[in-house]
Structures are given as structure tokens and as C-alpha cells.
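Accompanying notes for the structure given below.
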Protein chains: 2
Amino acid sequence: MPVAPAHSLEALIQALRRLPGVGAKSAARMAYHLLQRDRDGALQLSQALVQAVDHMRHCERCHTFTEAPICAICQNPQRDATRLCVVETPADQAAMERTGAFAGLYFVLMGRISPLDGIGPHDLGLKKLLDRASDGVVQEVILATNFTAEGEMTAHVMAQALKARGLRATRLARGVPVGSELEYVDLGTIAHALAERR
Amino acid sequence: MPVAPAHSLEALIQALRRLPGVGAKSAARMAYHLLQRDRDGALQLSQALVQAVDHMRHCERCHTFTEAPICAICQNPQRDATRLCVVETPADQAAMERTGAFAGLYFVLMGRISPLDGIGPHDLGLKKLLDRASDGVVQEVILATNFTAEGEMTAHVMAQALKARGLRATRLARGVPVGSELEYVDLGTIAHALAERR
């Protein structure tokens with residue numbers, strides 16, 4: 001006698017596996033949890049997914065996620081339009097905003113240059129960034145991509161292209177993190193902090 | 001000028017946080033990933049959630065998830081109805097099935113006794129288990145709850161109640177895991193394996 005599998009449970013587990021960082025066991029645990037203890041949560045998540053897919057688009061100026069054609073930050077006349085901060089993701093933008101230390105505008109790459117994944121400068125919208133930075137108002141482009149190999153490469157390529165257009169490109173300072181003890185900081189960071197001492 | 005937040009993105013992140021093991025940062029990463037790279041996946045997950053909530057119910061005999069009134073295992077006449085294996089979750093049941101070493105039927109508690117969470121024997125359906133085990137066919141109830149403090153307590157309580165009804169209750173053997181080196185096995189496990197040597 002063939003065993004009839006629980007099709008809709010299997011389908012849910014497979015769908016959950018498409019979430020980043022979720023493997024087979026986590027997906028099963030999530031599915032069991034939702035069905036056993038949080039069916040409201042499951043329906044709420046279902047709706048939120050459809051709503052977000054329907055309503056979220058990219059800001060025409062900075063490319064971050066927004067529901068309007070232009071995002072709230074780009075629309076805000078109190079932001080300093082002479083500084084443009086380039087970040088990899090909306091999460092990085094959010095981290096930058098939480099510091100409260102930056103009053104300028106953003107350009108969100110929605111990725112990084114990654115030859116292994118076949119993502120080059122043009123896939124990242126380098127041309128769009130150059131056009132955006134050439135609006136005559138922007139005086140400085142602050143490259144705040146991550147300090148990973150791919151983020152550094154991305155910053156390097158962007159800096160070259162911006163400078164070739166006569167635009168000023170700066171990079172977030174590398175150095176010792178606030179609150180850390182030198183003994184536990186990696187050597188590359190200390191070496192950078194020493195070379196860039198001020 | 002007030003900043004209009006990206007409502008549907010925020011709602012999606014909040015909904016994703018209801019998944020077990022997903023915090024604020026993971027939820028944001030999942031939401032960005034779905035919107036940026038996998039909108040099909042988002043819609044598929046949305047549908048799978050609704051389908052599963054609509055169709056999955058509990059088996060009337062063993063309480064596991066199923067789309068039919070009685071699950072495929074309980075319906076299978078080739079399973080040995082004299083042995084009933086009690087597990088905490090469908091995931092544990094699946095692990096037991098993967099061994100291929102058990103041909104009996106199951107009773108899935110869908111939880112464990114957990115005084116801290118206010119889950120007592122009656123919330124777990126102890127009465128339902130006793131009725132199920134008293135069908136005149138079941139000769140042995142194998143308690144295969146987890147070997148955690150809560151799982152052990154659950155097994156203990158079930159064993160007492162089953163024995164009070166004159167039913168035979170056994171427990172999976174505790175001992176040294178297959179393939180492990182004694183040097184790296186915890187002392188409690190070795191002590192148990194020694195006491196229960198055969």
C-alpha cells in the first residue's frame with residue numbers, strides 16, 4: 001500500500017527552504033511550529049509576503065526598497081544632498097541611519113561586485129551611480145560598502161570610476177572598533193589603524 | 001517632514017520574526033533576499049502557508065500531521081499494531097522512520113511536559129494516549145521522547161500512567177552513540193551505558 005505523503009506540509013517545508021540560511025531541519029521545525037502553535041502567524045506571514053511583493057519597489061533615486069516612486073530619505077529636503085553614501089544593502093543603510101551620524105543621502109547597490117557569482121560593476125548599476133553622483137549637487141561620495149574582500153573590491157572599482165569623472169570619493173575609516181582591547185583585535189586591523197593614525 | 005516607513009517591508013520583517021529561531025537581523029535578511037532575488041519564492045511560500053494551514057490536520061489515531069482523517073502509517077495494515085511508539089514531534093517520528101528499524105505504529109505527543117511553559121500531562125493528551133494504548137491490540141508502548149530533562153520527565157510520567165493501567169511501557173536504551181570514541185562521550189552517558197550493559 002503506497003504511503004500518501006502529507007503534500008501540503010512537504011510543500012511548505014520546501015518553500016521555507018528557499019529562505020536564506022534555512023536548511024531542511026530548520027524548515028521542518030518552522031513548519032511544525034507554525035501548524036502546531038501559530039496558524040495565525042502563518043496566515044499573517046502569507047499575507048505579508050504577497051503585500052510586500054505587490055507593493056515594494058526600488059526608489060528611483062537611491063534604489064533602496066520603498067513603496068513610493070521616491071523613498072522618504074530621498075524626498076526629505078532637510079538631508080544634505082551634497083553627500084552621497086554608497087552602501088551594499090538596505091540593512092547597511094539602516095545601520096548607518098541608526099548611528100544618527102550621517103545626514104546626507106544614500107545610494108543602495110543592492111549587492112556587491114562578486115566575480116564568483118557573476119556580478120560585475122554593470123550588474124550593480126555603476127552607471128546609475130555615476131549619473132546620480134554627477135547631478136551637480138553631490139560633492140562627495142562616501143563608499144560604505146562592507147570591509148570584506150568583495151566589499152573592498154566594490155569600493156575600489158567605484159572609487160576609480162568616480163575619480164575618472166572628477167568626483168570626490170572617500171571611504172569609511174578602517175581602524176580599531178570602539179570598545180575593543182588591542183590584544184583581541186586582528187593584526188590586519190591594527191596595522192591599518194597604525195598606518196592611518198591621525 | 002515625517003519619514004514614511006516602508007510599511008509592507010516592515011510588516012514582512014515582523015511576520016518573519018514569528019518563525020522559530022529567526023531574530024530581527026535574520027528576518028530583515030530574509031525579507032531583502034525575497035524581495036531582491038526571489039519574488040517567486042516569496043509568492044510560493046505565501047501559497048504554501050495558506051495551503052498547509054487549510055489542509056493539515058491531526059490524525060485521529062496518532063495525532064501527527066496529515067491531510068486525511070487517519071494518517072498513512074495508521075492506515076497501513078502491514079504495520080505491527082501491537083507496538084506503539086510515543087514521540088514528541090513529527091520530526092522525531094520521521095527520524096524513527098528513517099532508521100527502518102520500527103514497523104509498529106506511533107503516537108505523536110506534539111510537545112513535551114514542560115512546567116516552565118505551563119504544559120502538563122493533560123495538555124499533552126495523556127488521556128488520549130492511555131485510551132489509544134488500551135485498545136486491546138497494543139502490547140507494548142515504546143517511549144521515545146527526547147533524552148532531555150523535559151523528555152525524560154515526560155517519559156517518566158507516561159510510564160507511570162501506563163503501568164497503572166497494566167500496560168507495558170519501555171524506553172529507548174540510553175548508551176554510547178554508534179561511531180563515538182569513549183574519550184569524547186559525556187560522563188553521564190558512559191555511566192548509563194555501564195549500568196545498563198548487556
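These figures come from a predicted structure and were not determined experimentally.
- Contact count versus chain B (heavy atoms, under 4.5 Å) is highest, among A:Leu49, A:Ile13, A:Leu34, for A:Leu49.
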Next item on the list: Let me see the working for A:Arg18 and B:Asp40 under side-chain contact (heavy atoms from CB on, under 4.5 Å), right down to the final yes or no.
Entry: CA-CA 10 Å; A:Arg18 290 178 76 154; B:Asp40 277 355; 4.3 Å; yes
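- One hydrophobic cluster, built from ILVMFWY side chains closer than 4.5 Å, cannot hold both B:Leu105 and B:Ile70; they sit in different ones.
- The greatest number of non-hydrogen atom pairs below 4.5 Å with chain A, out of B:Ser26, B:Gly21, B:Ala42, is found for B:Ala42.
- Of the listed residues (B:Ala68, B:Ala28, B:Pro20), the greatest number of heavy-atom pairs within a distance under 4.5 Å of chain A belongs to B:Pro20.
- The candidate from A:Thr89, A:Thr64, A:Asp54, A:Val50 with the greatest count of non-hydrogen atom pairs under 4.5 Å with chain B is A:Val50.
- Your options are A:Ser46, A:Ala94, A:Gly41, and the one with the most heavy-atom pairs under 4.5 Å with chain B is A:Ser46.
- Environment of CD in B:Glu152: crowded, with over 12 heavy atoms of neighbouring residues, nucleotides or ligands closer than 6.0 Å.
- Here A:Arg39 is the residue among A:Lys25, A:Arg39, A:Gln51, A:Gln44 with the most heavy-atom pairs under 4.5 Å with chain B.
- Using a 4.5 Å heavy-atom threshold, the side chains of A:Val22 and B:Met30 count as touching.
- Under the 4.5 Å side-chain heavy-atom criterion for grouping Ile, Leu, Val, Met, Phe, Trp and Tyr, A:Leu130 is not connected to A:Val137 through any hydrophobic cluster.
- The local environment of CG in B:Leu187 is sparse, with at most 12 non-hydrogen atoms from other residues, nucleotides or ligands closer than 6.0 Å.
- Enclosure of atom CD in B:Glu181 is not indicated, since only 12 or fewer non-hydrogen atoms of other residues, nucleotides or ligands lie within 6.0 angstrom.
- When the side chains of ILVMFWY residues are joined at heavy-atom separations under 4.5 Å, either directly or via intervening members, B:Ile190 and B:Phe147 end up in two distinct hydrophobic clusters.
- One finds the CE atom of B:Met56 at 8.5 Å from the OH atom of A:Tyr32 (value rounded to the nearest 0.5 Å).
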Checklist line | Derivation and outcome, side-chain contact (heavy atoms from CB on, under 4.5 Å), residues A:Gln36 and B:His58 | finding: CA-CA 9 Å; A:Gln36 180 67 8; B:His58 292 291; 3.0 Å; yes
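- By the 6.0 Å contact criterion, NE2 on B:His33 is enclosed, its count of non-hydrogen atoms from other residues, nucleotides or ligands being greater than 12.
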Note to self: Using the rule given for side-chain contact (heavy atoms from CB on, under 4.5 Å), can you reason through A:Leu45 versus B:Leu19, listing the C-alpha separation, both sets of side-chain angles and the distance that settles it, and then say yes or no?
What the structure shows: CA-CA 9 Å; A:Leu45 176 54; B:Leu19 294 172; 4.2 Å; yes
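- B:Leu172 and B:Val176 fall into different hydrophobic clusters, where Ile, Leu, Val, Met, Phe, Trp and Tyr are joined by side-chain heavy atoms under 4.5 Å apart, directly or via other members.
- Per-residue heavy-atom pair counts under 4.5 Å with chain A were compared for B:Gly111, B:Ala48, B:Cys71, and the maximum is reached by B:Ala48.
- With rounding to the nearest 0.5 Å, the separation of OG1 in B:Thr66 from NE2 in A:His7 is 10.5 Å.
- Here the CE-CG distance, from B:Met110 to A:Leu35, works out to 8.5 Å after rounding to the nearest 0.5 Å.
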